[in-house]
Amino acid sequence: MARTALVTGGTRGIGAAISIALKNAGYAVAANYAGNDEAAAKFTEETGIKTYKWSVADYDACTAGIAAVEADLGPVEVLVNNAGITRDAPFHKMTREQWQQVIDTNLSGVFNMTHPIWPGMRERKFGRIVTISSINGQKGQFAQVNYAASKAGDLGITKSLAQEGARFGITANAICPGYIGTEMVMAVPEKIRESIISQIPAGRLGTPEEIARCVKFLVSDDAEFINGSTISANGGQFFV
Ligand code: CAA
């Protein structure tokens, strides 16, 4: 029977590419989204992948949403924590609200999604968790104290879960995409974006599909012994 995969933020950008790649690889995919109904409806129409609306920043909503997915598709065996937001501002201008929104979604969101799914994975002795961190969680970024902190925190969660889950057949890994050609990156002012691209040895932005292929590998049986690791996919922009 097909394994069930749940992708947060799975209807747009990198998440949409992940949902599609997993569907094409034979998984029963549920794509979560938080706000954009129009994009979600279009995504379902184009891909046939069912979407589920809730905010990963809300623990109770995650519990209810996961229960709805499991009622439709069976236990979640693959969780891709992809949902993420930016609220960029230089630190001296960053508001507490900008800090909190990003931490709530990008960091607490990973806790909120993984915590309700974890007991079932332990019982079934199988689980694959992939969390989409960022190059900016590895190196920091001007105007992203909030985002860099959240994405660095995601790596801490991943490495800890790997140690706790290993004897239950659960792996937890992270991917740190560099700059990918999504709406999030296209929202960066053009001049700054051009200067960022000039710092990428590959000479271009990455594609969502390039990140989706990393996810597909990490959740596969071939990756059983890879646990707690971070794959950097950034065109050579930064080495850890
Ligand atoms: N490096 C160095 N300087 C930078 C900079 C950078 N990356 N980004 C902005 N600056 C500079 C500007 O050139 C400007 O300098 P001057 O005052 O000398 O002109 C100054 O910082 C900005 O000052 P402002 O007070 O005008 O800033 P603002 O309040 O208008 O905010 C901003 C502007 C939101 C920071 C905007 O510049 C911006 O969006 N910068 C890009 C930040 C960024 O790279 N975000 C990554 C998004 S992609 C992502 O997050 C996905 C991922 O995982 C990789």
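We count residues from 1, following the sequence as given. Atoms within a ligand are numbered from 1 in the order they appear, just like the ligands themselves. For clarity, every value in this text was computed on a predicted model and none was experimentally measured.
Counting only non-hydrogen atoms, the option in Gln199, Gln141, Lys191 that gets closest to atom 7 (N) of ligand 1 is Gln141.
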Q) Which is it for Asn146 and Gln98 under the side-chain hydrogen bond (donor to acceptor under 3.5 Å, both in side chains) test, yes or no, and what are the steps along the way? A) CA-CA 7 Å; Asn146 49 4; Gln98 286 173 317; 5.8 Å; no
Q | Criterion side-chain contact (heavy atoms from CB on, under 4.5 Å) on Val69 and Val76, from CA distance to verdict | A | CA-CA 8 Å; Val69 169; Val76 175; 4.2 Å; yes
Q. What's the verdict on side-chain contact (heavy atoms from CB on, under 4.5 Å) for Ile129 and Thr171, showing C-alpha distance, side-chain angles and the deciding distance?
A. CA-CA 6 Å; Ile129 297 164; Thr171 67; over 6 Å; no
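Here the protein heavy atom with the shortest distance to atom 12 (C) of ligand 1 is Ile192 CD1, 4.8 Å. Regarding atom 39 (O) of ligand 1, its nearest protein heavy-atom neighbour is Pro189 CD, 3.4 Å. In terms of protein heavy-atom proximity, atom 31 (O) of ligand 1 is nearest to Pro90 CD, 3.7 Å. The closest protein non-hydrogen atom to atom 50 (O) of ligand 1 is Gln144 NE2, 2.8 Å. Scanning all protein heavy atoms for the shortest distance to atom 43 (C) of ligand 1 gives Asp88 OD2, 3.6 Å. What sits closest to atom 2 (C) of ligand 1 on the protein, heavy atoms only, is Phe142 CD1, 3.7 Å.
Shown here, atom 35 (C) of ligand 1 is in close reach of the protein: a heavy atom of it lies under 4.0 Å off. Distance screen at 4.0 Å: atom 27 (O) of ligand 1 has a protein heavy-atom neighbour inside the cut-off.
Any N or O atom pair closer than 3.5 Å counts here, and Thr86 shares no such pair with ligand 1.
How far NZ of Lys151 is from CD of Gln138: 11.5 Å, rounded to the nearest 0.5 Å. Note that CG of Asn173 is 11.0 Å distant from CG of Leu155, once rounded to the nearest 0.5 Å. Between the CG atom of Asn32 and the CG atom of Asn82 there is a distance of 9.5 Å, given to the nearest 0.5 Å.
Contact annotation for Lys93 and ligand 1: only side-chain heavy atoms (C-beta onward) come within less than 4.0 Å of the ligand.
Of all the heavy atoms in Gly84 and Asn106, the pair that sits closest is CA-OD1, 3.2 Å.
Within the listing of ligand 1, atoms 49 (C), 51 (C) sit less than 4.0 angstrom from a heavy atom of Met184. The distance from ligand 1 to the heavy atoms of Ser134 drops below 4.0 Å at these ligand atoms: 52 (C), 53 (O), 54 (C). Within the listing of ligand 1, atoms 35 (C) sit less than 4.0 angstrom from a heavy atom of Ala143. Close contacts of ligand 1 with Val188, meaning ligand atoms under 4.0 Å from a residue heavy atom, involve 41 (C), 47 (C).
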